[in-house]
Number of protein chains: 2
Amino acid sequence: MSTQTQENYLKCIYKLSTQNIEGASTNAIAKELQARAATVTDMLKKLAEKKLINYTKYKSVSLTVKGNKLALEIIRRHRLWEVFLVNTLHFKWDEVHEVAEQLEHINSEKLIENLNNFLGNPKFDPHGDPIPDKHGKMIDTRSIPLSEAKIGDKLQMTGVLEHSNSFLNYLNEINLLPNQKFTIKKINPFDQSMQIEILKGNTQFISSLTASNILVKCL
Amino acid sequence: MSTQTQENYLKCIYKLSTQNIEGASTNAIAKELQARAATVTDMLKKLAEKKLINYTKYKSVSLTVKGNKLALEIIRRHRLWEVFLVNTLHFKWDEVHEVAEQLEHINSEKLIENLNNFLGNPKFDPHGDPIPDKHGKMIDTRSIPLSEAKIGDKLQMTGVLEHSNSFLNYLNEINLLPNQKFTIKKINPFDQSMQIEILKGNTQFISSLTASNILVKCL
DNA sequence: TTAAAATTTTAGACAAATCTAAAAATAAAT
DNA sequence: ATTTATTTTTAGATTTGTCTAAAATTTTAA
């Protein structure tokens, strides 16, 4: 068995490993989890002892098969609970993260399987992130950041890269949510800001920073 | 803020205080939580420091107003989650306890209020125990153990005193569940065992130990 | 009412997760 | 290719929750 803290480390290493090809460094983990590097080193030794990560002194770490499976299980729980909170309990999508961070550590296979059935076996969470199935498999979304799309592209929003409250809230306000379809009307060549048309005649101004944190797929 | 462990101690002290008038003794708490008396003493000091219990060396402890409020909050969460597990996720009533023990520590007022609304503001959990409202108030059930009822009494089951899996499962098997109405046909004067009639012609034999763990109200 | 039994507390230890400060190893730069 | 900077690890402490063994207190009973 693993503690909540250890589960959070695994989730963190999983996340960093998908971003950088070179596994996760001690410092990167420390920054992400807001802990000291020394603390991370201590924990890495414990996780290595449990065969959950591959660890060599002074090198970046990676998840073992066992660790990867556990990380995906936590992510599955987290995303299913987010669906529950938004669909069933009517939370707004920017209110679910902290609660889901707690709920993801509840340990009961039956709970998660029954919750999954109740929710109708959903494939994506409210932020557009894919939900791993019970074997750890999930849909490959092949999304690109909006900032990489071109003028005239017909797009559909699939998710976000930035999960902060303020960002999600901002998207709420401008009505740009996952699954929303829109077209790029203009891109300002000076600062890469863009104008998008969500519905006929409803255009919206998007800064390049915002665009780089919105995921879309081409239609 | 209180830790999960501390919340479990409060719940335990609450439970023991409703059973014995004289508060909860160190040994009784130790037995209930399966810990050593020395461990309990250590924890009692910490809870007293937080003004959650009234503690004097070598005396039984009781909850302060603040501690009582917190205990009722945990009990509210626990029982609401039990309703959710049985009504929404189709758990059997003897499968919910361990999971609810974990869920009760999730800390989010919005979560509990929205869950309560979703469930339709239920007044009793699946075992017949009353659910405190957000101010800690709950319905007074005025139940008595079946063992204190008399021949000929028309009764309705309201709950149980013993929550072990094996006991709940046994009740399942003999089809004696909360809200079930029945009549006492016979009481054996030698061992206090009884025969009850659930439906016309459907009589059931109940040992005095079982009877003392079933709560009923007279109709 | 004093001796025996039971209960409760203290003292000292340990594992988990964290920290600071200092040392060691690696990476970067002149 | 050394020196400097950065990263990582070690060493030593702290807090929380737990334990055992022994001491202190209270309760029970002869």
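Each chain gets a letter, A, B and so on, in the order the sequences are listed, and its residues count up from 1.
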Within less than 4.0 Å of OP1 or OP2 of [N], is there a side-chain N or O belonging to [X]?
| X | N | result |
| --- | --- | --- |
| Thr3(A) | dA17(C) | yes |
| Asn27(B) | dA6(C) | no |
| Tyr55(B) | dT9(C) | yes |
| Lys46(B) | dT16(D) | no |
| Arg36(A) | dT20(C) | yes |

In whole angstrom, what separates [X]'s [atom1] from [N]'s [atom2]?
| X | N | atom1 | atom2 | answer |
| --- | --- | --- | --- | --- |
| Lys45(A) | dA11(D) | NZ | P | 8 Å |
| Leu10(B) | dG17(D) | CG | P | 12 Å |
| Tyr58(A) | dT9(D) | OH | C1' | 4 Å |
| Leu47(A) | dT18(C) | CG | P | 11 Å |
| Lys59(A) | dA25(C) | NZ | C1' | 12 Å |
| Met43(A) | dT8(D) | CE | P | 17 Å |
| Leu44(A) | dT18(C) | CG | P | 12 Å |
| Tyr9(A) | dA17(C) | OH | C1' | 8 Å |

Taking only the side-chain heavy atoms of [X] (C-beta and beyond), determine which of [options] contains the nearest atom.
| X | options | answer |
| --- | --- | --- |
| Ala38(A) | dT8(C), dA21(D), dA21(C) | dA21(C) |
| Thr41(A) | dA17(C), dC19(D), dT9(D) | dT9(D) |
| Thr26(A) | dT9(D), dT10(C), dT8(C) | dT9(D) |
| Gln6(A) | dA17(C), dT10(D), dG17(D) | dA17(C) |
| Lys57(A) | dT9(C), dT9(D), dG17(D) | dT9(D) |

*With sugar-phosphate meaning primed atoms plus P, OP1 and OP2, does Thr5(B) contact a base, only sugar-phosphate, or nothing at under 4.0 Å between heavy atoms?*
sugar-phosphate

*Describe the nucleic acid contact of Gln4(A) in one word from base, sugar-phosphate, nothing, applying a heavy-atom distance below 4.0 Å.*
nothing

*4.5 Å side-chain heavy-atom contact, Asp129(B) and Arg79(B)*: yes

*asked:* Between Lys11(B) and Glu101(B), does any NZ, NE, NH1 or NH2 come within less than 4.0 Å of an OD or OE carboxylate oxygen?
replied: yes

_Check ion pair Glu73(A)-Lys69(A) (N to O, under 4.0 angstrom)_ = no

*Check whether any side-chain N or O of Glu148(A) sits under 3.5 Å from a backbone N or O of Pro145(A) as a donor-acceptor pair, and report yes or no.*
no

Only pairs under 3.5 Å count here: list side-chain donor-acceptor contacts from residues 34-45 of chain A, not counting sequence neighbours, and write none if there are none.
| unit_1 | atom_1 | unit_2 | atom_2 | d |
| --- | --- | --- | --- | --- |
| Thr41(A) | OG1 | Ala37(A) | O | 3.2 |

